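Below is one structure, written out as structure tokens; comments come after it.
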Amino acid sequence: MSTKHFNRRNFLKVSGGTLGAAAAGFSLYTPSASAAKARVVVVGGGMGGATAARYLKKADPSIDVTLVEANATYMTCFMSNFVVVGERELDYLAHGYDGLKAEGINVVIDRVVGIDDNAVKTAGGKTLAFDRCIVSPGVGFKFVEGHNEEVANTSVTHAWKAGKQTQLFHDQLTSMKDGGTVIIGAPRNPFRCPPGPYERTSLVAGYLKKNKPKSKVIVLDPKDKFSKFGLFTEGWRIHYGYGTEDSLITWVKGAEGGAIEAVDPDSNTVSAEIEEFSADVINIIPDQKAGEIAFTAGLVDDSGWCPVDLLTFESTMRKNIHILGDASKAKGMPKSGYAASSQAKVCAAGIVAQLNGHAPGSPAYVNTCYSVISFEPKDGISVAAIYKLREDGSKIQKMSGGLTPSGDKRNAAHRAREVDYALSWYENITSNTFAD
Amino acid sequence: MQLKTFAVTALSAAIMVGCATTQQPAEPTATKVVAKKAAPKAKPKVISGASGAMLASTCEGCHGTDGISQGPATPSIAGMSEDYLIEAMEEFSDGDTKSTVMGRVAKGYTDEEIVAMSKYYAGIEYGSAEQSADAATLAKGESLHNKYCEKCHHDGGADATDDSGILAGQWNPYLHYTLQDFINGDRAVGRKMKKKLDQLLANEGHAGLDAVVSYYGSQK
């Protein structure tokens with residue numbers, strides 16, 4: 001491990017000088033053909049890692065880019081709630097790596113077990129040397145008593161990484177009797193996809209309304225507020241009777257004892273802070289932390305997440321290692337797949353500049369995140385924002401953006417469109433990431 | 001047209017002097033805020049001057065890699081004329097075009113940045129969506145295009161230099177939404193176009209609009 005500190009101020013000073021040239025030609029980098037091939041190893045083929053690999057290669061084809069990922073197929077977490085309620089099949093979420101291979105990226109399907117100062121070690125015995133390493137490890141879970149990955153695979157799902165558990169949750173819903181109870185446990189901040197648990201709640205309620213109207217969904221939440229709060233609760237009132245006696249949704253907030261302490265999969269009972277709850281189907285989204293390899297590699301601070309320089313996403317704990325996606329502390333931006341993709345582009349541009357002997361240029365960040373409250377009628381909402389880096393590097397500053405209008409400004413036609421835009425968004429963000 | 005050219009020239013000049021400097025965040029409602037509050041909080045200084053390529057990368061997650069959309073409700077933006085792209089962004093930002101996310105997004109960029117990203121997309125190649133329609137619909141759509149639209153949307157809607165956006169090979173759902181916005185007055189529309197569109201709708205009804213959309217959508 002290196003103790004040498006990355007000096008952002010100097011980088012920025014130099015970077016200002018290169019911008020005039022960049023603006024004139026609209027291409028930041030002129031890779032020198034004679035230079036020895038630089039090697040970048042990307043650990044993790046999700047939104048952050050796959051996007052970074054692709055944009056590195058796109059910006060400078062001379063860089064030798066290797067992507068190491070444990071699974072041959074990636075399933076997007078976003079849109080997986082559609083699969084839970086049967087609006088889409090599980091295959092809809094699946095993306096492979098053939099597109100990236102075709103663009104000249106080496107794809108290694110293997111599990112990374114360690115990251116040295118200049119090489120990545122895999123479970124399959126490979127040593128992959130690098131000049132720069134990008135780690136996009138996703139999230140790990142902090143399970144409550146009685147809950148673990150094995151339980152999640154067989155009964156009490158988390159389904160917060162899409163795959164078999166998404167399907168299992170769907171199957172549990174469809175085989176549940178009318179009049180049954182579904183419990184969804186929401187996590188503490190910060191966590192992957194802040195509106196996700198509440199979109200899940202909305203869509204499960206929509207499924208019940210249509211198929212099992214005597215049933216209900218109870219959300220157990222350690223928090224007193226959540227992402228897109230006004231929009232979701234308004235939507236729940238409009239579509240699911242929220243706030244009335246017949247509400248399909250009961251939200252138990254933290255102040256009312258919503259925090260889950262334990263689960264018993266055998267009796268289908270959840271112990272929350274004040275009460276016990278029984279249910280027919282239980283889904284608990286655990287509290288979260290950076291993915292395991294980030295801990296193994298010494299990239300995580302006391303918060304459980306990875307501190308980074310916000311210009312290049314280089315770790316502030318280890319030199320030449322960059323961290324992307326939900327695991328990084330991208331102060332000012334939410335933990336979303338779209339944000340990960342945007343940050344990956346900034347990171348890739350910074351690395352390409354540095355490998356070619358330049359300072360990183362000025363960054364630009366974006367987030368766009370859709371949630372569907374209801375499919376019948378179509379009611380979609382979004383949050384979108386444009387960001388720049390604060391001059392002192394302390395935060396990614398929101399420049400504009402906001403939420404879908406609600407209340408008097410609610411526009412039903414736009415809400416229907418936002419569902420179509422969400423589906424369109426999915427096609428573009430996934431093809432942008434996986435080249436598929 | 002004259003106004004547009006003036007704006008572009010002014011912005012081009014601005015980018016040359018402004019691109020490498022650090023600027024305050026663009027805050028379109030700043031005047032209102034100042035009027036209400038006696039001492040507005042100083043905004044943190046941010047790093048501006050990102051390159052066209054960097055700025056353009058913020059569009060790609062929704063508008064497709066290299067500005068070619070794979071999603072049916074979202075337009076491709078590659079290969080459009082610079083003027084068209086600038087004007088479209090300004091209209092989103094001003095609210096002249098009503099939108100869901102684009103208004104929120106467009107406000108986040110300075111005039112210089114909008115010019116830079118527009119130049120970038122104007123400089124890369126457009127790609128058509130793969131769509132088809134039956135021969136009768138296409139023939140009908142083509143004849144309606146010739147009668148109502150061709151004067152401004154040259155070459156079957158494929159010519160970027162007419163500054164009216166590329167219609168050929170855009171996704172049908174996107175074209176439908178946009179036409180609907182023009183008809184409803186939710187999108188800025190020139191007098192001439194409004195007149196033609198009203199005529200087309202009066203004479204041919206929604207079937208006429210569908211035929212025109214299918215025609216453009218299936219062009220290369």
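Predicted model only: the values in this text are computed from it and were never measured. A note on names: the letters A, B, ... follow the listed sequences, proteins ahead of strands, and every chain is numbered from 1.
Using a 4.5 Å cut-off between heavy atoms, A:V346 contacts chain B through both its backbone and its side chain. Contacts of B:Y177 with chain A are made by both backbone and side-chain atoms, with heavy-atom separations under 4.5 Å. Using a 4.5 Å cut-off between heavy atoms, A:Y370 contacts chain B through its side chain alone, with no backbone atom that close. With a 4.5 Å cut-off on non-hydrogen atoms, A:R415 does not touch chain B at all.
Taking 4.5 Å as the limit, every side-chain heavy atom of A:D392 sits out of range of all side-chain heavy atoms of B:K45. You'll find the side chain of A:N428 stays beyond 4.5 Å of the side chain of B:E60, heavy atoms only. Side-chain contact between B:R104 and A:T404: present, with at least one pair of heavy atoms (C-beta onward) separated by less than 4.5 Å.
Note on residues 167-190 of chain B: pairs passing salt bridge (charged side-chain N to carboxylate O under 4.0 Å, His left out), not counting sequence neighbours, are A:R417-B:D181.
With sequence neighbours excluded, the residues satisfying salt bridge (charged side-chain N to carboxylate O under 4.0 Å, His left out) with A:D420 are A:K378. A:E199 is linked by a salt bridge (charged side-chain N to carboxylate O under 4.0 Å, His left out) to nothing, counting only residues two or more places apart in sequence or in another chain.
Of all heavy-atom pairs between A:S362 and B:A50, the closest is O-CB, 3.4 Å. Minimum heavy-atom separation, A:A349 to B:M54: CB-CE, 3.5 Å. Across all their heavy atoms, B:P72 and A:S424 have their closest contact at N-OG, 3.2 Å.
Interatomic distance, NZ of A:K58 versus CG of B:D66, reported as 3.5 Å (0.5 Å rounding). Rounding to the nearest 0.5 Å places CG of A:L423 at 10.0 Å from OG1 of B:T74. Here the SG-OH distance, from B:C62 to A:Y421, works out to 11.5 Å after rounding to the nearest 0.5 Å. The distance from atom OH of A:Y365 to atom OG of B:S57, rounded to the nearest 0.5 Å, is 11.0 Å.
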Residues B:S48, A:K388; criterion side chain to side chain contact (heavy atoms under 4.5 Å, CB included); working and verdict: CA-CA 7 Å; B:S48 287; A:K388 286 181 182 174; 3.1 Å; yes
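Heavy atoms of other residues, nucleotides or ligands lying less than 6.0 angstrom from NZ of B:K195 number 12 at most.
Contact residues of residues 429-436 of chain A toward chain B are A:I429, A:S431, A:N432 (heavy-atom distance under 4.5 Å).
Of the listed residues (A:L403, A:N411, A:I396), the greatest number of heavy-atom pairs within a distance under 4.5 Å of chain B belongs to A:L403. Here B:S69 is the residue among B:G103, B:S69, B:C59 with the most heavy-atom pairs under 4.5 Å with chain A.
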